[in-house]
Protein chains: 2
Amino acid sequence: MTTDTTSYAPGKAATPEERKAWSSTSAGRVVTARKITRAEELRLILADEIVSGQLAPGAPLDESELARRFRVSRTPVREALRQLVASGLVDARAHRGAIVAHPDPERLAGMFEAMAELEALCAGMAAERMTVSERHALQSLHDQLRAISYLGDPQRFHEVTEAFHNAIYAGARNAYLAELALATRKRVQPFRRAQFRNIGRLAKSHAEHNRVVLAVMQGDRAAASAGMRAHIDTVRREYATYAGKA
Amino acid sequence: MTTDTTSYAPGKAATPEERKAWSSTSAGRVVTARKITRAEELRLILADEIVSGQLAPGAPLDESELARRFRVSRTPVREALRQLVASGLVDARAHRGAIVAHPDPERLAGMFEAMAELEALCAGMAAERMTVSERHALQSLHDQLRAISYLGDPQRFHEVTEAFHNAIYAGARNAYLAELALATRKRVQPFRRAQFRNIGRLAKSHAEHNRVVLAVMQGDRAAASAGMRAHIDTVRREYATYAGKA
DNA sequence: TTGGCACTCGTTGCATGCAATTCGCCATTG
DNA sequence: CAATGGCGAATTGCATGCAACGAGTGCCAA
């Protein structure tokens, strides 16, 4: 416990100014979401830190420590952790604390396989259902990726890749399926960090996307699915090569 | 609030005997899970009541009321609700309470479509990966279903159907994918209650399963997928026919 | 020296009180 | 008469204190 410095009066735990402090760590991504609860804020921040790799798989999530860090009581921290447990990003056992989820290799392989199929499914549906303007928007993102792969900016490439996949989710016209795919993507993300340091991977990734984009533009469901499945399968293999320590 | 009858001393809110009372409502399914926390208990109970239809979509979930009902404080109730929100069975908005999830028709259609594809995927994978004994076990469940469909016991038919689908999930050798499929199944379940009152549906369901079982026995992935997709699609159409009020 | 055991400490689980927000109701006004 | 503004009640959100559980440590006995 060790209530050390702060005064901590009830309902006045931290001024808004104080509370801004914590988001300074996450590189300019300050989301000034004012209309949501503290627990929801914490959930979003912690999820982001897990997905972005700031909190590595296996890292302990101490309630009191997080409460101090975010200048709130343990209650909203606990609620945020419970939701993260339910979403699969965090593992917890009663009286034994919570850690960032760290699936064993077999489970991780299953997540990759499921991701491949979900993405393939979305791509196939998108090939059939996207509007003309959506197809053009997808093509535009794809072109951007080519340009970025030449420049060799992994961070930017990653961001636009996310947009690319999100565009396909949206094109599938199934919000629920999109949520499943996105959630799976996020849960796998902490284990593919290393890939984005590999510049050579960018061009290959773009080439794989090319098959998908072509099929989507032509409305060829089977080809779009196959292309996306192959792409994610490459991602999986790439991970398997890089990761000896998983 | 109205602290009416019980004394309610801290840490001694209810004796074990008192706490047994609530589970008597759910028809003999008393799970004497002693080693888990109260919040976890509540989560399981509420999820079961939602899936089983005791709590209908749209029903309000008042924290204080649930706390009284289960003889606990609001804290574990809140944690259970948060987890149910994260799992999609409950919707909640800050300061406005929680209700049993009630997706609009479009979203529900998406859930049915996703379920069809997930089940199809599992069936296809199971056709390739099941052991011989697993295939025989599946066949056995299928035979049981035929017998039950003759007897016309919808409740029992439902239970064995669940076991049938779970056997296919297990045969797919992908725990993560199985979780997705099962979660989706549970989220859709509250909207297909009516179907199990329709005795005629039982025989048709069994006939649809037949295609899947045959394909699985022969290791024919494509046929197993197609069969399962067609089955779930029938389920969806059946729902669409029954439900004017969704 | 080693195995078992009780004790202690740290962390999590739960209860409770207060603060904050929302919504319904009623009065006031155009 | 309708619309709007503010007040009150009810409900949720958060802080805090205490209880319970687990893990580590040191002691005792074999």
Side-chain angles (χ1 to χ4, degrees), chain A residues 1-16 18-19 22 33-45 59-86 90-99, chain B residues 1-16 18-19 22 33-45 59-86 90-99:
Chain A
M1 293 296 179
T2 67
T3 317
D4 37 23
T5 57
T6 49
S7 56
Y8 235 73
K12 204 73 181 181
T15 68
E18 283 172 321
R19 192 169 292 125
W22 38 253
R34 291 208 190 288
K35 217 46 203 164
I36 60 180
T37 65
R38 286 165 174 73
E40 187 72 1
E41 257 179 42
L42 297 185
R43 184 179 69 79
L44 293 172
I45 294 169
L61 297 167
D62 184 274
E63 291 182 3
S64 303
E65 183 191 318
L66 291 172
R68 277 196 302 274
R69 179 179 157 207
F70 293 117
R71 303 283 205 282
V72 296
S73 80
R74 281 176 46 225
T75 305
V77 172
R78 285 173 60 79
E79 293 192 359
L81 287 178
R82 290 294 170 282
Q83 293 191 252
L84 291 169
V85 167
V90 167
D91 284 341
R93 287 178 300 177
H95 290 287
R96 278 200 249 174
I99 61 168
Chain B
M1 292 301 177
T2 67
T3 318
D4 36 25
T5 56
T6 47
S7 57
Y8 234 74
K12 203 74 179 180
T15 68
E18 283 171 321
R19 190 168 294 124
W22 38 254
R34 291 210 189 286
K35 217 46 201 162
I36 60 180
T37 66
R38 286 165 175 75
E40 187 72 1
E41 258 179 40
L42 297 185
R43 183 179 70 79
L44 293 172
I45 294 169
L61 297 167
D62 184 274
E63 291 182 2
S64 303
E65 183 192 318
L66 291 172
R68 277 196 301 274
R69 178 177 158 209
F70 293 117
R71 305 282 206 282
V72 297
S73 79
R74 281 176 46 224
T75 305
V77 172
R78 286 172 60 79
E79 293 193 358
L81 287 179
R82 289 295 171 283
Q83 292 190 252
L84 291 169
V85 167
V90 167
D91 284 342
R93 288 176 300 177
H95 291 287
R96 279 203 250 173
I99 61 169

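The chains referred to below are lettered A, B, ... by the order of the sequence lines, with proteins before strands, and numbering in each begins at 1.
What you find for B/Ile99 and B/Leu61 is that their closest heavy atoms are C-CD1, 4.0 Å.
Atom-to-atom, CG of B/Leu81 to C1' of D/dT11 comes out at 13 Å; the value is rounded to the nearest Å. For the pair B/Ile36 CD1 and C/dG13 P, the interatomic distance rounds to 12 Å; values are reported in whole Å. Between the CZ atom of B/Arg68 and the P atom of C/dA15 there is a distance of 15 Å, given to the nearest Å.
Of the listed nucleotides (C/dC14, C/dA15, D/dG13), D/dG13 has the atom at the smallest distance from the side chain of B/Arg78. Relative to the side chain of A/Ser73, the nucleotides C/dC14, D/dA15, D/dC21 differ in distance, and D/dA15 lies closest. Closest contact between the side chain of B/His95 and the listed nucleotides C/dT21, D/dC14, D/dA20 involves C/dT21. Side chain of B/Arg82, nearest nucleotide from D/dT12, D/dG13, D/dC14: D/dG13. Distances were taken from every side-chain heavy atom of B/Thr75 (C-beta onward) to each of D/dC14, C/dA15, C/dG13; the shortest belongs to C/dA15. The side chain of B/Glu63 lies closest to D/dT12 when the candidates are D/dA15, C/dC14, D/dT12.
At a threshold of 4.0 angstrom between heavy atoms, the contacts of A/Ala39 are confined to the sugar-phosphate backbone, with no base atom among them.
In terms of polar N and O atoms assigned as donor or acceptor, the side chain of A/Arg93 never comes within less than 3.5 Å of the base of D/dG22 in a complementary pairing.
In terms of phosphate contacts, A/Arg96 brings no side-chain nitrogen or oxygen within less than 4.0 Å of OP1 or OP2 of C/dT12.
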Acceptor/donor pairs from residues 75-85 of chain B side chains to any protein atom, 3.5 angstrom cut, sequence neighbours excluded:
residue : atom : partner : partner atom : Å
B/Arg78 : NE   : A/Glu79 : OE2          : 2.9
B/Arg78 : NH1  : B/Glu63 : OE1          : 3.4
B/Arg78 : NH1  : B/Glu63 : OE2          : 2.9
B/Arg78 : NH2  : A/Glu79 : OE1          : 3.4
B/Arg78 : NH2  : A/Glu79 : OE2          : 2.9
B/Glu79 : OE1  : A/Arg78 : NH2          : 3.4
B/Glu79 : OE1  : A/Arg82 : NE           : 3.3
B/Glu79 : OE2  : A/Arg78 : NE           : 2.9
B/Glu79 : OE2  : A/Arg78 : NH2          : 2.9
B/Arg82 : NE   : A/Glu79 : OE1          : 3.4

